[in-house]
Amino acid sequence: MGEIKTYRMYIEGKSCESASGQWFESYYPYTGKVWARFPRGNAEDVDRAVNAAQKAFTQGEWPRLHASQRGALLRRLGDLVAENAQALAETEVQDNGKLIAEMSAQLRYIPQWYYYFGGLADKIEGAVIPIDKPETFNYTRYEPLGVVAAITAWNSPLLLATWKLAPALAAGNTVVLKPSEFTSASALEFVKLVEQAGFPPGVVNVITGFGAEVGDALVSHPDVAKVAFTGGEMTGQKVYETAARGMKRVSLELGGKSPNIVFDDANLDNAVKGAVSGIFAATGQTCIAGSRLLVQESIHNEFVDRLVSFAKAARMGDPSSLETQVGPVTTVPQMEKILGYIDIAKGEGAECILGGGRATRPECGDGWFVEPTVFTGVRNDMRIAQEEVFGPVLSVIPFRDEEEAVEIGNDIVYGLAAGVWTQSIRRALTMTDRLRAGTIWVNTYRAVSYMSPFGGYKRSGLGRENGQEAIYDFLQTKCVWISTAEDTPNPFIMRLPGDD
Ligand code: NAP
């Protein structure tokens, strides 16, 4: 692996170590060896970063830029990400264990967010209200909020950060980004491009460290106006509670336990690929994993056989090889959590028909791999069906008819996404209407775009990222009243329109 790389945080345009002088390490999940170290930030570092972001929001060049100029900076940043896509993808592979095949595509796609929101920056228009008062001019304008704390999970580090940064900056805010302690490298590589694009110092800052130290201090900081958070449900609740004390705006992108529903009239070849992509792509470490596979009883056995043969053939191993299809799990605690859930499912009486343990194939070496795992005989009230595993573990649940598919699909605290496989247009429309989730895919799975709003129903979160509406989560409305009357009316008499 060679030398351990040392990264520094980024505050007010400068690389720096933490106030404590302490460090923490990051591991390459394919070998289990340390490859980089990062400053262990604390509340003092957070204070410095928020002060820098607050200063950049109120003074200097950034607040004076007009929206088209902000848009141009974002588009320049998009170009720089595109130019550096391969290097950034390789950093994600090293830090996270993600597949190069997926990361190369993801990094080539990320610039679109900067182009899209860069283009949107100067199209945010207030309204002139035809107000019901004489001699009065009334209009609205949208203004940025101030300092945004962006806190992200480890599973798609730069993509998740981008979903926050692009709209936040387009709206004119400044940002302090705290990446996950497990995957901080790409944010620190990316921020060099922010500087190169010409963003003034303090507009984007990156603090590394642990959630309980850096994350909590950031959410509690009085000068943070909004928290844009991606992570687990329990952390999300904590963030929400802390932010409420400061009356901050909050958006939460949390977990899921999404139903992927296969009807007997589906194109089964496509549905098998959809089921596999829903749970084994990205090693199942995705919030939108289709981890509950609902299969109509009449095709259950045939479908499961086809699914297992397809999944069995998945190539595991070196994430930096373009041939690999299932990579390692990103962290040891996550691997232990997944293995724990496999034991829970076995204990609950579910039948393990594929995988069911740590992968010990020679091509997996000393890496943190879990075999693609399929359970049948799962009831929707089992823990394996109700709790987010965040790994390559699929629960297959049979259903009788449409009514039961809706009932089981919705019988969950989450509502991030759902998939439906059918060739009936009536059924597709009925299911999209009745399933309670922020994203419904029909005859496809895992598709996302900068143009299409993404977010959760129920405990999967609050607010939407992507699409035009995302920018309004980073703006506030100001209403302006201007009297054009010669005389101010008697302050003690209230007059309504039509009164003489
Ligand atoms: P997590 O443990 O909740 O951590 C998320 C982020 O919050 C990390 O940066 C973490 O820092 C930080 N954090 C931890 N405690 C905090 C606190 N008290 N205050 C503020 N920040 C704190 O989640 P994860 O394990 O990284 O990610 C997996 C979860 O994210 C899954 O539930 C997944 O479904 C969800 N997710 C959702 C979406 C979506 O768009 N809906 C997308 C991706 C992932 P440390 O890493 O240092 O602990």
Side-chain angles (χ1 to χ4, degrees), residues 24-26 38-43 46 95-96 98 106 149-164 176-184 186-187 206-221 224 227-246 248 250-258 282-291 329-338 341 387-391 413-417 437-439 446 448 452-466 470:
F24 65 97
E25 292 168 333
S26 178
F38 301 87
R40 178 171 168 178
N42 60 21
V46 168
D95 211 18
N96 180 297
K98 288 199 82 107
Q106 193 174 93
I151 301 177
T152 51
W154 45 260
N155 62 315
S156 272
L158 260 190
L159 186 74
L160 300 177
T162 291
W163 289 11
K164 295 161 180 47
V176 179
L177 169 63
K178 182 226 162 310
S180 165
E181 70 190 78
F182 301 109
T183 55
S184 303
S186 57
V206 180
I207 301 275
T208 53
F210 300 150
E213 297 170 4
V214 169
D216 191 50
L218 201 46
V219 178
S220 329
H221 198 290
V224 165
V227 182
F229 175 85
T230 299
E233 184 197 341
M234 300 309 288
T235 322
Q237 277 180 16
K238 193 151 188 247
V239 164
Y240 200 15
E241 280 166 17
T242 308
R245 285 198 281 278
K248 298 173 203 289
V250 179
S251 50
L252 301 171
E253 292 288 352
L254 309 178
K257 192 80 190 178
S258 301
T283 318
Q285 300 179 118
T286 132
C287 54
I288 50 182
S291 47
V329 171
T330 301
T331 71
V332 170
Q334 186 58 31
M335 183 175 66
E336 284 166 354
K337 180 180 167 193
I338 298 168
Y341 269 108
E387 297 175 19
E388 188 185 45
V389 176
F390 218 58
V413 294
Y414 298 111
L416 194 57
T439 294
R446 270 192 103 216
V448 291
S452 188
F454 178 87
Y457 278 28
K458 302 194 271 184
R459 289 206 213 160
S460 289
L462 290 176
R464 291 291 176 270
E465 295 191 314
N466 308 336

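All ligand and atom numbering here is 1-based and tracks the order in the structure. Any value given below was found using the heavy atoms of this structure, including those in side chains, with hydrogens, waters and symmetry copies removed.
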(message) At under 4.0 Å between heavy atoms, is it the side chain or the backbone of Leu218 that contacts ligand 1, or both, or neither?
(response) neither
(message) Below the 3.5 angstrom mark, is there an N/O of Thr286, backbone or side chain, next to an N/O of ligand 1?
(response) no
(message) Is there a polar contact between ligand 1 and Glu388, counting only N or O atoms under 3.5 Å apart?
(response) yes
(request) Please confirm whether the backbone N or O of Pro39 pairs with a side-chain atom of Thr208, one donor and one acceptor, at under 3.5 Å? (result) yes
(message) Among all the protein's non-hydrogen atoms, which is closest to atom 35 (C) of ligand 1, and how far away is it?
(response) Gly231 O, 3.2 Å
(message) For ligand 1 and Gly211, I'd like to know whether there is a polar contact (N/O to N/O, distance under 3.5 Å).
(response) yes
(message) Side chains of Ser452 and Asn466: any donor to acceptor distance under 3.5 Å?
(response) no
(request) Report the nearest protein non-hydrogen atom to atom 20 (C) of ligand 1: residue, atom name, distance rounded to 0.1 Å. (result) Gly215 C, 3.3 Å
(message) Among all protein heavy atoms in this structure, tell me which lies nearest to atom 27 (O) of ligand 1, with the distance rounded to 0.1 Å.
(response) Ala153 CB, 3.2 Å
(message) Quick one about Thr330 and Gln285 (side-chain donor to acceptor, distance below 3.5 Å, no hydrogens or angles considered), yes or no?
(response) yes
(request) Return yes if some donor-acceptor pair links the side-chain N/O of Ser460 with the main-chain N/O of Gly415 below 3.5 Å, else return no. (result) yes
(message) What protein heavy atom lies closest to atom 6 (C) of ligand 1? Include the residue and the distance to one decimal.
(response) Thr152 O, 3.4 Å
(request) Please list, chain by chain and in numerical order, all residues satisfying side-chain hydrogen bond (donor to acceptor under 3.5 Å, both in side chains) with Asp216, sequence neighbours excluded. (result) none
(message) Strictly distance-based, threshold 3.5 Å: is any side-chain N or O of Glu388 a donor or acceptor partner for the main-chain N or O of Gly256?
(response) yes
(request) Measure from the side-chain N and O atoms of Ser180 to the backbone N and O of Ala153, and report whether any donor-acceptor pair falls under 3.5 Å. (result) no
(request) For Phe390, check ring-ring contact (aromatic ring centres under 6.0 Å, His included) against everything at least two apart and list the hits. (result) Trp154
(message) Please list, in number order, the atoms of ligand 1 under 4.0 Å from a heavy atom of Phe210.
(response) 47 (O)
(message) Which of the numbered atoms in ligand 1 are under 4.0 angstrom from any heavy atom belonging to Val239?
(response) 19 (N), 20 (C)
(message) Donor-acceptor check, side chain of Lys178 to backbone of Ala149, threshold 3.5 angstrom: yes or no?
(response) no
(message) Checking a contact table here: which protein heavy atom is nearest atom 44 (C) of ligand 1, and how many Å away?
(response) Asn155 OD1, 3.3 Å
(message) Looking only at protein heavy atoms, which one is nearest to atom 12 (C) of ligand 1, and what is the separation?
(response) Ile151 CG2, 3.7 Å
(message) Can you confirm, on distance only, whether ligand 1 has an N/O atom lying under 3.5 Å from any N/O atom belonging to Trp154?
(response) yes
(request) Report the nearest protein non-hydrogen atom to atom 23 (O) of ligand 1: residue, atom name, distance rounded to 0.1 Å. (result) Gly232 N, 3.3 Å
(request) Considering heavy atoms of the protein only, find what lies nearest to atom 2 (O) of ligand 1 and give residue, atom and distance to 0.1 Å. (result) Thr235 OG1, 3.8 Å
(message) For Tyr341 and Glu387, which I'm curious about, is there any donor-acceptor pair between the side chains at under 3.5 Å?
(response) yes
(request) Go through the steps to decide whether Lys164 and Thr230 satisfy the test side-chain hydrogen bond (donor to acceptor under 3.5 Å, both in side chains), and finish with yes or no. (result) CA-CA 10 Å; Lys164 295 161 180 47; Thr230 299; 2.5 Å; yes
(request) State the atoms of ligand 1, each with its element, that fall below the 4.0 Å cut-off from a heavy-atom position in Gly255. (result) 32 (O), 34 (O)
(request) Number the atoms of ligand 1 from 1 as they appear, then name those within less than 4.0 Å of a heavy atom of Asp216, with their elements. (result) 19 (N), 20 (C)
(request) Might you confirm whether atom CZ of Phe24 has over 12 heavy atoms from other residues, nucleotides or ligands at distances under 6.0 Å? (result) yes
(request) Give the single entry among Lys178, Glu181, Glu241, Gln237 that approaches atom 11 (O) of ligand 1 most closely by any heavy atom. (result) Lys178
(request) Flag Leu254 as yes when one of its N or O atoms lies below 3.5 Å from any N or O atom of ligand 1, and as no otherwise. (result) yes
(message) Going by the closest heavy atom to atom 18 (N) of ligand 1, which one wins out of Glu213, Met234, Lys238?
(response) Lys238
(request) Test Glu253 against Phe454 for side chain to side chain contact (heavy atoms under 4.5 Å, CB included), laying out the working first. (result) CA-CA 9 Å; Glu253 292 288 352; Phe454 178 87; 3.7 Å; yes
(message) Show me which atoms of ligand 1 lie under 4.0 Å from any heavy atom of Gly209.
(response) 47 (O)
